[in-house]
Undergrad: 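Here it is, the structure, as structure tokens.
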Amino acid sequence: MPSYNLLLLPGDGIGPEVMAEVGKVVAFLGQAGLASFETETDLVGGSAIDAHGKPLADATLKRADAADAILLGAVGGPKWNGVAYDIRPEAGLLRLRKDLGLFANLRPAICYPALADASALKRELVEGLDIMIVRELTGGVYFGEPKEITTLPDGSKRAVDTQVYTTGEIARIAHVAFDLARKRGNRVASADKNNVMKSGVLWKEVVGEVHAAHYADVELEHVLADNCAMQLVRRPKQFDVLVTDNLFGDILSDAAAMLTGSLGMLPSASLGEVDDRGTRKALYEPVHGSAPDIAGQDAANPLAMIGSLAMCLRYSFGLGEAADLLDGAITDALAGGARTRDIASEGSRVVGTKGMGDAVVAALKARVG
Ligand code: NAD
């Protein structure tokens, strides 16, 4: 069995707590002969600022570049609120995404049957929900130049962000979405604002061209991003793969997050281009942040982090069976009644971070036999 090199970047707040549970799963997969990993651990975010004066040391970036995949916990917290903008904890994460060319952010929003009542929407609207949001991650308004605040002659200020996309940037994210759709429900919805934004006009045009040239077998629907937000809370199960730009993806994926019950349930993958050897850079992380309000209390839900490992098995290593096994173990642990506080309902068995990690490993053992 090949051994993969995994770089673990636990980060801040609850990051190290949820990463410790991934450690248990990695150990089990190795013992059971399902997947073998060499792991290295390093600093990112606030912990890296404390150690190196910046949120991502050059040596860490080098390690990340060399690793087969990266697992990241979360960064940030009130301790670092006062640091300069350029070296804030999140800058470490942005640099990793940008320097490794991680342009495709995959965020599945899955509603487990056992958790349908934890959603803000009615059970019948969300039970069985399985959406894959594909967000463009390295372009658009978060990176476009100019990006500045200037002072006008009258002393008032003017702020500018620039929304910019090229044909190539749109086409490569469209390919990711269509390829994924073929392995799922074969449907793509592409969200933009072509009614008011030039970048939206180009987005719609290029997605349509990629579809016509390569994916005519996949169903494609164009939807305006504001209508998409409405549809996500009105009839979310209509979507299979939803592809959109950096800004709309940020907002729509958080809206979809609430359909599933808790931020603590949502994994994500950020993928780069496929290289000549058929491999790609990849970083896997929970959607949630460092949750300083519950850090150090054994209260964080580790399932988003463990689910991120499942995505890593699937998308970086092609270990679909091991990924299915791990996703199944998460379903079993929930069906068995284990609940961290964020997903607890009346009468449920509340466990801590460690207890939930143990429940997943026990479910894995039961499945492996
Ligand atoms: P957050 O995601 O950390 O927390 C939002 C709420 O969700 C909190 O009430 C928290 O307790 C809860 N929550 C989050 N993850 C949970 C889990 N696994 N289990 C149970 N409950 C969970 O967002 P925030 O409070 O806006 O930000 C806190 C810090 O995290 C800030 O410094 C922010 O900049 C940073 N942040 C980092 C990332 C990242 O590392 N990718 C993402 C978002 C926010």
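Just so you know, ligand 1 is whichever comes first in the structure, and atom 1 is the first atom listed for that ligand. For reference, positions follow the sequence shown, starting with 1.
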Undergrad: For atom 12 (C) of ligand 1, grab the closest protein heavy atom and report residue, atom and distance to one decimal in Å.
TA: A291 CB, 4.5 Å

Undergrad: Assess the side chains of N186 and R184: does a donor N or O sit below 3.5 Å from an acceptor N or O?
TA: no

Undergrad: Taking Y284 as the starting point, is it possible to reach Y4 by hopping between hydrophobic residues whose side chains are less than 4.5 Å apart?
TA: yes

Undergrad: Answer with side chain, backbone, both or neither: which part of D342 has a heavy atom less than 4.0 angstrom from an atom of ligand 1?
TA: side chain

Undergrad: Compare N81, D293, I294 and give the one whose heavy atom is closest to atom 9 (O) of ligand 1.
TA: D293

Undergrad: Can you list the atoms of ligand 1 that are under 4.0 Å from a heavy atom of A74?
TA: 40 (O)

Undergrad: Considering only heavy atoms, does E285 approach ligand 1 within less than 4.0 Å through its side chain, its backbone, both, or neither?
TA: side chain

Undergrad: Taking only heavy atoms of G264, which atoms of ligand 1 are found under 4.0 Å from at least one of them?
TA: 17 (C), 18 (N)

Undergrad: Would you say ligand 1 has an N or O under 3.5 Å from any N or O of V75?
TA: yes

Undergrad: Going by heavy atoms in the side chains, are I343 and M356 under 4.5 Å from each other?
TA: yes

Undergrad: Is there a heavy atom of A304 sitting under 4.0 angstrom from any atom of ligand 1?
TA: no

Undergrad: Is G77 in polar range of ligand 1, meaning some N or O pair under 3.5 Å apart?
TA: yes

Undergrad: With heavy atoms under 4.0 Å as the rule, classify the contact between L72 and ligand 1 as side chain, backbone, both or neither.
TA: neither

Undergrad: For the residue pair L96 and A64, what are the closest heavy atoms and their distance?
TA: CD2-CB, 3.7 Å

Undergrad: What protein heavy atom sits nearest atom 14 (C) of ligand 1, and how far off is it?
TA: H288 CB, 3.7 Å

Undergrad: Considering only heavy atoms, which of L263, V44, N301 lies nearest to atom 18 (N) of ligand 1?
TA: N301

Undergrad: Quick one: which ligand 1 atoms are inside 4.0 Å of a heavy atom on A300?
TA: 19 (N)

Undergrad: Any chance the side chains of Q163 and N246 put a donor and an acceptor closer than 3.5 Å?
TA: no

Undergrad: Does ligand 1 have a heavy atom under 4.0 Å from the side chain of R341, from its backbone, from both, or from neither?
TA: neither

Undergrad: With a 4.0 Å heavy-atom cut-off (strictly under), which part of T340 contacts ligand 1: side chain, backbone, both or neither?
TA: neither

Undergrad: Does either side chain, that of R107 or that of S268, offer a donor lying less than 3.5 Å from an acceptor on the other one?
TA: no

Undergrad: Run the numbers for me: atoms of ligand 1, each under 4.0 Å from some heavy atom of G76, listed by number.
TA: 32 (O)

Undergrad: Hey, is D275 close enough to K281 for a salt bridge, meaning N to O under 4.0 Å?
TA: no

Undergrad: Looking only at protein heavy atoms, identify the closest one to atom 16 (C) of ligand 1 and say how far it is in Å.
TA: I14 CD1, 4.0 Å

Undergrad: Verify whether one side chain among T60 and D42 offers a donor that lies under 3.5 Å from an acceptor in the other.
TA: yes

Undergrad: Hey, looking at atom 31 (C) of ligand 1, which of K79, M356, E90 has the closest heavy atom?
TA: E90

Undergrad: Out of G289, P292, P302, who gets a non-hydrogen atom closest to atom 28 (C) of ligand 1?
TA: P292

Undergrad: Go through the side-chain N and O atoms of Y215 and D179 and say whether any donor and acceptor fall under 3.5 Å apart.
TA: yes

Undergrad: Please check whether S262 reaches ligand 1 - meaning an N/O of the residue sits under 3.5 Å from an N/O of the ligand, judged on distance alone.
TA: no

Undergrad: Are any non-hydrogen protein atoms located under 4.0 Å from atom 25 (O) of ligand 1?
TA: no

Undergrad: Would you mind telling me which of N5, D68, V26 makes a side-chain contact (heavy atoms from CB on, under 4.5 Å) with F37?
TA: V26

Undergrad: Are S190 and W203 packed together at the side-chain level, in the sense that at least one heavy-atom pair is separated by less than 4.5 angstrom?
TA: yes

Undergrad: Just by distance, with hydrogens left out, do S290 and D12 show a side-chain donor and acceptor under 3.5 Å apart?
TA: no

Undergrad: Could you check atom 41 (N) of ligand 1 against the protein and tell me its nearest heavy-atom contact, residue, atom and distance included?
TA: L93 CD2, 3.4 Å

Undergrad: Starting from atom 29 (C) of ligand 1, find the nearest protein heavy-atom neighbour and note its residue, name and distance.
TA: S290 OG, 3.3 Å

Undergrad: Looking at R63 and E40, is any side-chain nitrogen of the basic one under 4.0 Å from a carboxylate oxygen of the acidic one?
TA: yes

Undergrad: Do you know which of V22, L319, L6 makes side-chain contact (heavy atoms from CB on, under 4.5 Å) with C312?
TA: L6

